[in-house]
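Below is one structure, written out as structure tokens, with a few remarks after it.
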Amino acid sequence: MTQRLLFLGPPGAGKGTQAQRLAAAQGLLHLSTGDLLRAEVQAGSALGQEAEAVMARGELVSDALVLAIVRSRLEQQQAAGGGGWLLDGFPRNLAQAEALGQLLDELGQPIQLVVLMELDDAVLIERLLSRGRADDNEAVIRHRLEVYREQTAPLIAYYRERQLLQAVEAAGTVEAIEARIAALLT
Ligand code: B4P
């Protein structure tokens, strides 16, 4: 069974929704950098104060900050005896992908699968507008999509070259998409 995987895809593709379900079903550690950053904002920490304005603009928080969060969670899990993990929304650019590769080499825990969730822009925008989070207004969503195309989409070729990538159509019901993802893991 696949124990170490990551979810890649545009904002609103449903990475968080599917990652939560899969991690619960398989007993994996679910690491969502978006959720972890929002928790820091909520707590009013120095890190959260730094992240808040960047997220509200729909831009990427600094690589160093996000990497420090991911490193500490994966190291904690290994110190507690190890286990599988699912990275959701990380990495989001090539520098983060390279740094993640180095970290996983250090930990001796290579990625087994990258799931790319694909969806049309019109559906993404509709989903995010109906969610209505602080960074879900139309201008910010369009900017997040541009940031995705410029900075995150190059990871598709990066992981395809490493023969780790599998794409999934992310349209349809939550259950239908869940079944498509489950079929990749056996
Ligand atoms: P994220 O929290 O990662 O959020 P997202 O990409 O907007 O959404 P996701 O794809 O997870 O969609 P979801 O399941 O929620 O990022 C937010 C911000 O954090 C970024 O813009 C950035 O500033 C910062 N950040 C995060 N990670 C970073 C990193 N590594 N480096 C730098 N900055 C980082 O689903 C969206 C909506 O669709 C929900 O309302 C859901 O209920 C609905 N939905 C899901 N599946 C559906 C389905 N099948 N049908 C209908 N609706 C569905």
Closest heavy-atom pair and its distance - L129, E138: CD2-N, 3.8 Å
Point-to-point distance, once rounded to the nearest 0.5 Å, from CD1 of I125 to CD1 of I141: 6.5 Å
Note: E175-R21 ion pair, threshold 4.0 Å (strictly below): yes
Joint hydrophobic cluster, L145 plus I156, side-chain heavy atoms closer than 4.5 Å: no
Nearest heavy atoms of L60 and V54, plus distance in Å: O-CG1, 3.4 Å
Rounded distance [0.5 Å steps], CD in Q3 versus CG in L28: 5.5 Å
Within 6.0 angstrom of Q76 CD, more than 12 heavy atoms from elsewhere: yes
Minimum heavy-atom distance between L155 and A97, given as atom pair plus value: CD2-CB, 3.6 Å
Backbone of L113 reached by a side-chain donor or acceptor of Q166 within 3.5 Å: no
Donor-acceptor contact present, side-chain R127 to main-chain A13, <3.5 Å: yes
Residue Q77 excluded, over 12 heavy atoms near CD under 6.0 Å: yes
Charged N-O contact under 4.0 Å between R71 and E75: yes
Linked, directly or transitively: L119 and V174 (ILVMFWY side chains, under 4.5 Å): no
Interatomic distance, L107 atom CG to L100 atom CG [nearest 0.5 angstrom]: 9.5 Å
Flag side-chain contact, heavy atom, 4.5 Å: T152 against N93: no
Check against side-chain contact (heavy atoms from CB on, under 4.5 Å), L86 and L29: CA-CA 6 Å; L86 198 178; L29 171 69; over 6 Å; no
Intermediate values then yes/no, side-chain hydrogen bond (donor to acceptor under 3.5 Å, both in side chains), Q109 and W85: CA-CA 10 Å; Q109 297 188 21; W85 40 255; 2.5 Å; yes
R162 NZ/CZ over Y158 ring centroid, <6.0 Å and within 45° of normal: yes
Contact check, side chains of L47 and L37, non-hydrogen atoms, under 4.5 Å: yes
Donor-acceptor contact below 3.5 Å, side chain D120 vs main chain A122: no
N/O donor-acceptor pair under 3.5 Å between Q96 side chain and R92 backbone: yes
Check: L116 main-chain N/O paired with K15 side-chain donor or acceptor under 3.5 Å: no
E40/S45 under side-chain hydrogen bond (donor to acceptor under 3.5 Å, both in side chains): CA gap, chis, key distance, verdict: CA-CA 6 Å; E40 295 289 342; S45 66; 2.7 Å; yes
Result of checking L87, D88, V114, V115 against L8 for side chain to side chain contact (heavy atoms under 4.5 Å, CB included): V114
Spacing of CD belonging to E106 relative to CD belonging to Q78, to within rounding of 0.5 Å: 10.0 Å
Closest non-hydrogen atom pair between E118 and A167, with its separation: OE1-CB, 3.6 Å
Which atom of L124 lies closest to which atom of G12, heavy atoms considered: CD2-C, 3.6 Å
R4 side chain vs G84 backbone, donor-acceptor pair below 3.5 Å: no
Side-chain heavy-atom pair L94, P154 within 4.5 angstrom cut-off: yes
Any donor-acceptor N/O pair, N137 side chain to V140 backbone, under 3.5 Å: yes
Euclidean distance, T17 OG1 relative to M117 CE, rounded to 0.5 Å: 7.5 Å
Hydrophobic cluster membership, L185 vs L31, 4.5 Å side-chain cutoff: no
Check: H143 main-chain N/O paired with R57 side-chain donor or acceptor under 3.5 Å: no
Trace of the side-chain contact (heavy atoms from CB on, under 4.5 Å) decision for I181 with F7: CA-CA 10 Å; I181 295 172; F7 279 4; 4.1 Å; yes
Nearest atoms (heavy-atom pairs only) where V147 meets G58: CG2-O, 3.7 Å
L22 and L5: CA distance, side-chain angles, deciding distance, side-chain contact (heavy atoms from CB on, under 4.5 Å) verdict: CA-CA 11 Å; L22 181 64; L5 64 159; 3.9 Å; yes
Sidechain-backbone polar pair: Q49 side chain, G44 backbone, donor-acceptor under 3.5 Å: yes
Euclidean distance, L36 CG relative to F90 CZ, rounded to 0.5 Å: 11.0 Å
Audit row: L184, V168, side-chain contact (heavy atoms from CB on, under 4.5 Å) steps and yes/no: CA-CA 9 Å; L184 299 177; V168 157; 3.5 Å; yes
Ion pair D136/R131, N-O distance below 4.0 Å: yes
Joint hydrophobic cluster, L74 plus V61, side-chain heavy atoms closer than 4.5 Å: yes
Distance-only side-chain donor-acceptor flag, H30 / Q20, under 3.5 Å: no
Heavy-atom neighbours of Q163 CD exceed 12 at 6.0 Å: no
Under 3.5 Å: donor-acceptor pair, side chain of T33, backbone of G89: yes
